[in-house]
Amino acid sequence: MTSQSTVRIGLVLPDVMGTYGDGGNAVVLRQRLRMRGYDAEIVEITLSDPVPDSLDVYLLGGAEDSAQRLATRHLRQYPGMQRAAERGAPVLAICAAIQVLGNWYETSGGERVEGVGMIDVTTSPQAERAIGEVTTTPLLPELSDPLTGFENHRGGTTLGPDAAGLGTVTRGVGNGVGDGREGVVQGSVIGTYLHGPALARNPELADLLLKRALGVDTLAPLDLPEVDQLRRERLRA
Ligand code: GLN
């Protein structure tokens, strides 16, 4: 992308995926870009739209089982995001979106649904729903600050050999299959069970997505005491 053009932030299927204000992740990215002098806009892709492959970054939120199934069908039918990810466009998948982008997931009713196949994970319902605050130590070398968010999911996600964890759990459940991992990283896809919305609570993760979207190594730092305070409160809670 060139420095003159508008950065286009894809908010994917907010009509069916976006529990707990996950759409706020798009607002955070747009604001962090504008504060640095970039033009930025949010492009909402709904179930009525084919998914374009031309956007700079793609964001997907969480969902309950039936909504999740509609999203899976749509993304398989219109593989624009898959093409974009192959050229390196960053994708952030929250909670149910991890499950949707994986190889398959089982609903809480026990039915197996074929996923989009972008990340090497599978998901099955666990005996107990995971609900509460989560803190992790990031495993990506570009991240050093603890990740914070809250989780609410019954699915437990197993990472296959092509997928790595996003963080090591220090509080909460995370992927929920006993390996101490939270989230997933594969190619340009980052998945996490963290709601919050995640990018409001984790500015370092927001800026990592922006650096990748812009193709730059560094971004001007932003001095936002209210974000620091939010993090202090949540990490202490
Ligand atoms: N329905 C999925 C589960 O319970 C995801 C829930 C969510 O996105 N919050 O595992």
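Hydrogens, waters and symmetry mates play no part in the numbers below; they use all other heavy atoms, side chains included. Along the sequence shown, residues carry numbers from 1.
- Here the side chains of Tyr58 and Ser188 are not in contact, with every heavy-atom distance at 4.5 Å or above.
- Put simply, the side chain of Val91 does not reach to within 4.5 Å of the side chain of Ile190, judged on heavy atoms.
- Taken from CZ in Arg73 to CD in Glu114, the straight-line distance is 14.5 Å, to the nearest 0.5 Å.
- In this structure the side chain of Leu11 never reaches within 4.5 angstrom of the side chain of Ile45, judged on heavy atoms.
- The backbone N or O of Ser144 sits less than 3.5 Å from a side-chain atom of Glu204, completing a donor-acceptor pair.
- Under 3.5 Å, the side chains of Tyr105 and Thr72 contain a donor-acceptor pair of N or O atoms.
- Taking the charged nitrogens against the carboxylate oxygens, Asp207 and Arg32 do have a contact shorter than 4.0 Å, which makes a salt bridge.
- Judged purely by distance below 3.5 Å, without hydrogens or angles, the side chains of Asp39 and Ser5 never pair a donor atom with an acceptor atom.
- No side-chain heavy atom of Glu226 sits less than 4.5 Å from a side-chain heavy atom of Leu230.
- Under a hydrophobic clustering in which Ile, Leu, Val, Met, Phe, Trp and Tyr are joined whenever their side-chain heavy atoms come within less than 4.5 Å, directly or via other members, Leu222 and Leu214 fall into different clusters.
- A donor and an acceptor atom, one from each side chain of Glu64 and Gln68, are nowhere located under 3.5 Å apart.
- With a 4.5 Å cut-off on side-chain heavy atoms, Val184 and Val189 do not count as touching.
- Side-chain contact, Thr168 with Glu182: no donor N or O sits under 3.5 Å from an acceptor N or O.
- One N or O on the side chain of Asn202 and one on the backbone of Ala198 form a donor-acceptor pair closer than 3.5 Å.
- Placement of Leu166 and Leu139 in two distinct hydrophobic clusters is found when ILVMFWY residues are connected by side-chain heavy-atom separations under 4.5 Å, directly or transitively.
- Checked by atom type and distance alone, the side chain of Asp15 pairs as donor or acceptor with a backbone atom of Leu47 at under 3.5 Å.
- Residues Val16 and Met81 share a hydrophobic cluster, clusters being chains of Ile/Leu/Val/Met/Phe/Trp/Tyr side chains in contact below 4.5 Å.
- The residue from Ile94, Leu92, Val27 that alone fulfils the side-chain contact (heavy atoms from CB on, under 4.5 Å) condition with Leu199 is Leu92.
- Looking only at distances, a side-chain donor or acceptor of Arg231 sits under 3.5 Å from a matching main-chain atom of Pro146.
- Note: the hydrophobic cluster containing Phe150 does not contain Leu194 (ILVMFWY, side chain heavy atoms under 4.5 Å, direct or indirect links).
- In plain terms, the two heavy atoms of Gln186 and Ala163 that are nearest each other are OE1-CB, 3.7 Å.
- Of the possible polar contacts, none joining the Asp53 side chain to the Arg83 backbone as a donor-acceptor pair under 3.5 Å is found.
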Just do the side-chain contact (heavy atoms from CB on, under 4.5 Å) check on Val134 and Val173 with the steps written out, would you? CA-CA 7 Å; Val134 188; Val173 174; over 6 Å; no
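- Asn103 and Asp120 share a side-chain donor-acceptor pair at under 3.5 Å.
- The line from CD of Gln31 to CG of Leu33 is 9.5 Å long, rounded to the nearest 0.5 Å.
- A side-chain donor-acceptor contact under 3.5 Å links His153 to the backbone of Gly174.
- A donor-acceptor pair is defined here as one N or O able to donate and one able to accept, closer than 3.5 Å; such a pair exists between the side chain of Arg154 and the backbone of Gln126.
- Of the possible donor and acceptor atoms, one in the side chain of Asp56 sits under 3.5 Å from a partner among the backbone N and O of Arg8.
- Side-chain contact of Gln99 with Tyr193: a donor-acceptor pair under 3.5 Å is present, judged by distance alone.
- Nearest heavy atom pair, residue Ala97 against residue Gly61, reads CB-O, 3.7 Å.
- One finds the CD1 atom of Ile42 at 8.5 Å from the CG atom of Leu29 (value rounded to the nearest 0.5 Å).
- Nearest approach of Gly165 to Val185, heavy atoms of both residues: O-CG2, 4.0 Å.
- Scanning all heavy atoms of the two residues, the minimum distance from Pro90 to Ala213 falls at CG-N, 3.7 Å.
- The two atoms that bring Asn25 and Ala200 nearest to each other are OD1-N, 4.4 Å, heavy atoms only.
- With a 4.5 Å cut-off on side-chain heavy atoms, Cys95 and Glu151 do not count as touching.
- No side-chain donor-acceptor contact under 3.5 Å links Arg181 to the backbone of Gly167.
- Under 4.0 Å is where a charged nitrogen must lie from a carboxylate oxygen, and between Glu41 and Arg30 no such pair does.
- Atom CD of Glu128 sits in a sparse spot, with 12 or fewer heavy atoms from other residues, nucleotides or ligands closer than 6.0 Å.
- In this structure, Arg36 CZ and Leu210 CG are separated by 6.5 Å, a value rounded to the nearest 0.5 Å.
- A continuous path of hydrophobic side-chain contacts links Leu70 to Leu75 [ILVMFWY only; heavy atoms under 4.5 Å].
- In this structure the side chain of Trp104 never reaches within 4.5 angstrom of the side chain of Val113, judged on heavy atoms.
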Arg69 and Glu111: CA distance, side-chain angles, deciding distance, side-chain contact (heavy atoms from CB on, under 4.5 Å) verdict: CA-CA 11 Å; Arg69 185 191 294 264; Glu111 194 186 336; 3.1 Å; yes
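- Put simply, CG on Leu140 and CG on Leu143 are 5.0 Å apart, with the number rounded to the nearest 0.5 Å.
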What's the verdict on side-chain contact (heavy atoms from CB on, under 4.5 Å) for Gln77 and Val51, showing C-alpha distance, side-chain angles and the deciding distance? CA-CA 9 Å; Gln77 188 180 353; Val51 184; over 6 Å; no
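- Across Met17 and Ala63, no two heavy atoms sit closer than the pair CG-CB, 3.9 Å.
- Arg171 CZ: more than 12 foreign heavy atoms inside a 6.0 Å radius.
- One distance of note links OG1 of Thr170 with CG of Leu235; it measures 8.5 Å at 0.5 Å rounding.
- A donor and an acceptor atom, one from each side chain of Thr123 and Thr157, are located under 3.5 Å apart.
- Residues Arg201 and Thr148 have side chains that bring a donor and an acceptor to within less than 3.5 angstrom of each other.
- A donor-acceptor contact shorter than 3.5 Å is absent between the side chain of Asp22 and the backbone of Leu60.
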